[in-house]
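In what follows, a structure is listed as structure tokens, so that the remarks can point back to it.
So that the names make sense, note that chain A is the first sequence line, chain B the second, and so on, each numbered from 1.
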Amino acid sequence: MKILVPFFAVIALVLLAVIGTAANLHFLFGAVIPYAALFIFIFGVIYRVLKWAKSPVPFCIPTTCGQQKSLPWIKQNKLENPSGTLHVIGRMALEVLTFRSLFRNIKGELRDGSKFVYGSDKWLWLGGIAFHYAFLIVLLRHIRLFAEPTPAYLYILEAFDGFLQIGIPRLFATGVVLLAAAAFLFLRRIYVPQVRYISLAADYFPLFLIMGIAATGIIMRYFFKTDIVGVKELAMGLVGFNPVIPKSVGSIFYVHLLLVSALFAYFPFSKLMHMGGVFLSPTRNMVANSREFRHVNPWNYPVKVHTYEEYEEDFREKMKMAEIPVEKE
Amino acid sequence: MAKFTAKPKDLIHIDFKNPRTGWMDTPVDIREHMYCHPTKAKDLETVGFPNIHEWRPADENWNLPEDWKETVLNGIKERLQKYRSFHVFMDICVRCGACADKCHFYLGTGDPKNMPVLRAELLRSVYRKYFTASGKILGKTAGARELTEDVLKEIWYYYYQCTECRRCSVFCPYGIDQAEITMIGRELTNLVGLQLGWIGGPVANCYMKGNHLGLEPHTIKSNIEMMLDDIETITGIRINPTFNRKGAEILFVTPSGDLFAMPGIYTAMGYLMLFHELGLDYTWSTYASEGGNFGFFSSNEMAKRLNSKIYAEAKRLGVKWVLGGECGHMWRVLHQYMDTWNGPADFLEVPKSPITGTVFDNAKSAKMTHISEFTADLIKHGKLKLDKSRNDHLKVTFHDSCNTSRGMGMLDEPRYIIKNVCNHFYEMPENTIREKTFCCGSGTGLNASENMELRMRGGLPRANAVKYVHEQHGVNMLANVCAIDRATLSASMDYWVPGVGVAGVSELVGNALVMKGEKERTADLRGETLPGKEGAE
Ligand code: SF4
Ligand code: SF4
């Protein structure tokens with residue numbers, strides 16, 4: 001169920017786009033839906049981030065993963081236990097750009113029924129890194145469709161990306177990597193028992209969507225060549241808020257576009273928001289200097305305490321007997 | 001309740017197979033020896049906790065207050081607005097599973113609901129149902145579920161099988177910290193009167209009497225006097241510490257466990273000897289006689305209420321700064337919470353060692369320094385005369401407490417001390433120490449006796465790593481800087497690795513410390529004859 005429902009949801013989206021184009025609803029699928037999706041994406045993400053940001057951070061709770069700053073001759077681990085803003089920036093950069101914490105991953109296993117062993121396990125890190133970077137580059141490559149003239153950096157990017165010159169058009173490695181990495185993450189979800197057990201429909205849905213997007217993209221580029229000039233015309237029209245619907249673009253393109261729209265519209269309602277959330281995670285983005293500088297809790301309020309005077313009332317005689325000084329004789 | 005009799009060789013058969021049914025369709029099975037008894041009503045009354053009522057975890061009916069559901073849901077809502085951590089952690093988990101096998105309770109039980117990610121999902125599913133659009137509309141497909149009595153019981157059961165150790169948080173790509181979620185989950189259970197005896201009792205004690213164990217002022221003094229007698233027997237030196245003395249330079253605060261039972265008292269003897277040898281101008285307090293904070297395991301407010309005594313007492317006595325003893329969660333609280341709750345402590349001065357002149361800038365605002373920071377500095381400056389050979393009968397390894405490692409980062413100070421007071425020191429395997437250290441398995445108020453199976457299972461990964469160095473190097477002493485460790489690891493060593501003792505770092509310091517005017521020592525602080533000194537007396 002957890003797998004089938006999202007799978008058929010994606011299939012339904014594909015069929016919807018095919019039927020839609022057959023029924024000549026090009027404008028709906030080529031302009032209205034993409035605009036709506038983008039609108040939902042932008043405002044949804046902003047709304048979610050603002051909502052998080054509205055909740056204060058009452059305590060300084062970084063997870064310290066290295067030696068603290070204490071005595072001058074003890075070497076502090078500034079990236080894992082940051083005592084200054086620069087250190088935090090470094091820590092966050094490592095986290096966001098290299099998936100530092102995932103890189104730490106070790107797998108715990110009980111061997112011979114009596115010994116725990118912990119081996120390094122970097123597959124998830126590799127899959128995650130490949131997936132995210134491939135996605136990013138593919139996304140950047142698409143800027144070509146929205147910009148005239150094509151920005152120079154795209155040529156550089158494409159030169160790297162397309163180093164495998166397999167016939168024409170150039171084979172971009174990232175598209176394939178994206179598909180492969182998404183497939184790996186999917187298979188991992190099915191085959192690793194623990195991960196399968198914790199997975200929800202909401203974990204499969206974006207994977208199916210992205211696999212669909214990558215597959216249709218690859219098909220368009222290498223198999224059923226879509227009229228790229230037409231696509232660019234459409235894209236430029238969208239950017240200029242003057243949508244044009246070229247006749248020459250086939251339904252496979254609309255499938256691609258609808259899946260992308262679905263992904264964008266789905267984004268703010270889903271776990272995909274981890275993209276924004278990672279920056280707001282207090283265990284990672286705070287300076288671990290809570291004894292050095294006071295962290296203020298905006299909702300700190302006075303509480304009922306048991307004062308020394310009350311304590312002495314309870315124990316005065318016993319204290320005196322034991323020759324412990326008291327305030328009131 | 002039947003006695004817990006399972007043998008280690010049986011307990012270690014851990015079944016990592018998941019149930020056939022999905023986790024939402026697998027009802028919670030509240031098992032004997034895995035949970036703690038509820039607290040006494042009078043303890044909760046002492047501190048004014050809400051919805052006090054009689055209930056038993058094994059019963060079908062928990063006598064929940066009529067509006068329990070509303071109370072819990074409002075509690076969630078309030079905390080989403082108060083804690084960004086909670087709000088973000090409810091939303092961004094991608095269920096990658098990186099945290100799954102990082103929890104000692106999962107490794108020790110094989111129960112999938114002990115994977116940190118599922119522990120979080122138990123509550124997250126409720127969050128989705130009532131606080132997100134997709135959960136409201138799509139229900140179970142979106143991973144959402146109704147809050148029912150069974151769901152509440154399940155949350156209760158598993159949130160008291162988490163020691164808030166933060167190991168999962170180290171490995172999570174977004175730093176999702178189940179400790180944070182557990183704290184909030186436990187607050188929710190407290191709102192409807194579901195508190196453990198081992199938390200409620202110490203909390204009430206600490207509130208009224210100043211410490212978890214409920215030691216009254218004269219008892220604190222007499223307990224310490226007994227230690228002084230022992231010290232005199234061993235060293236020939238009579239020490240005279242002061243209590244509640246105004247005008248002392250330093251207030252010393254340590255967990256009350258150090259004043260009560262073995263092997264904690266040996267650590268306390270270490271403190272007493274060290275301070276005497278330095279001629280430190282310090283005082284004990286019977287009012288602020290607890291460094292630890294079991295309030296931290298029930299609610300943020302309760303923790304603040306208990307913690308307030310430290311600064312209040314420092315102010316009343318007019319000391320310059322506060323020195324803290326060895327304890328794990330105590331230091332999470334002191335390092336990350338105290339100043340925020342009860343500061344600013346502007347009536348104190350920045351801690352400065354009167355012996356070396358070192359200013360502890362890292363505690364500039366909170367004004368409280370850890371005994372290991374203090375001692376390491378003394379050793380570095382050559383202020384202590386140490387005879388390492390007095391620890392030669394010990395082959396030592398060091399257990400990082402969860403909180404001092406992942407909620408503070410004090411990793412090298414205690415190691416430096418140990419290396420200077422012991423000749424034989426061996427580290428446990430790399431993936432089980434420092435920031436990756438394993439919990440003792442009984443923290444956060446779970447150190448009761450009725451949940452012994454849970455404790456031994458949770459303590460297994462730590463014990464297993466000790467066993468490794470025990471077999472490889474003959475390690476026979478597990479050093480640590482935590483009063484709870486000293487109690488709980490003793491039990492788990494006896495169970496899993498017999499022959500390994502447990503000692504506070506300051507005990508090892510006390511053994512090695514050469515004191516002015518002492519007689520030739522023939523025994524260590526435990527009164528055990530030193531090698532080569534047999535028949536010396
Ligand atoms: S590691 Fe973090 S994101 Fe991954 S499953 Fe665990 S809590 Fe969720
Ligand atoms: S905080 Fe520790 S005990 Fe709790 S879920 Fe995480 S790893 Fe397990």
Proximity breakdown for [X] and chain A, heavy-atom pairs closer than 4.5 Å:
X	value
B:Tyr106	side chain
B:Lys9	neither
B:Asp412	both
B:Glu121	side chain
B:Leu306	neither
B:Val170	both

Under a 4.5 Å heavy-atom cut-off, does chain B meet the side chain of [X], its backbone, both or neither?
X	result
A:Asn105	both
A:Leu124	side chain
A:Asn297	both
A:Ile106	both
A:Arg189	side chain
A:Val5	side chain
A:Val195	side chain
A:Arg284	side chain

N-O pairing of [X] and [Y] below 4.0 Å:
X	Y	answer
A:Arg48	B:Asp91	yes
A:Glu312	A:Lys318	no
A:Glu327	B:Lys246	yes
A:Glu95	A:Arg100	no

Next item on the list: Decide whether a cation-pi geometry holds between A:Arg111 and A:Phe116; the criteria are a distance under 6.0 Å from NZ or CZ to the six-membered ring centre and an angle within 45° of the ring axis.
Entry: no
Checklist line | Six-ring centre of B:Phe438, B:Arg462 cation under 6.0 angstrom, axis tolerance 45° | finding: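 Checked: cation-pi criterion not met.
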Margin query: I need the B:Cys96 SG to B:Phe171 CZ distance, nearest 0.5 Å.
Written below: 12.0 Å
Item checked: Pairwise side-chain contact, B:Arg434 with B:Ser405, heavy-atom cut-off 4.5 Å (strictly under) ->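 A side-chain contact under 4.5 Å is absent here.
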Notebook entry, point to check: Residue by residue, which of residues 265-272 of chain A have a heavy atom closer than 4.5 Å to a heavy atom belonging to chain B?
Noted result: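 Hits under 4.5 Å: A:Phe269, A:Lys271.
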Centroid separation [X] to [Y] less than 6.0 Å:
X	Y	answer
A:Phe7	A:Phe205	no
B:Tyr416	A:Trp73	yes
A:Trp299	B:Tyr83	yes
A:Trp125	A:Phe103	yes

Check: What residues, two or more places apart in sequence or in another chain, satisfy side-chain contact (heavy atoms from CB on, under 4.5 Å) together with A:Glu313?
Finding: A:Arg316, A:Lys328
Item checked: Heavy-atom pairs under 4.5 Å with chain A, option from B:Cys99, B:Pro19, B:Ala345 with the top count -> B:Pro19
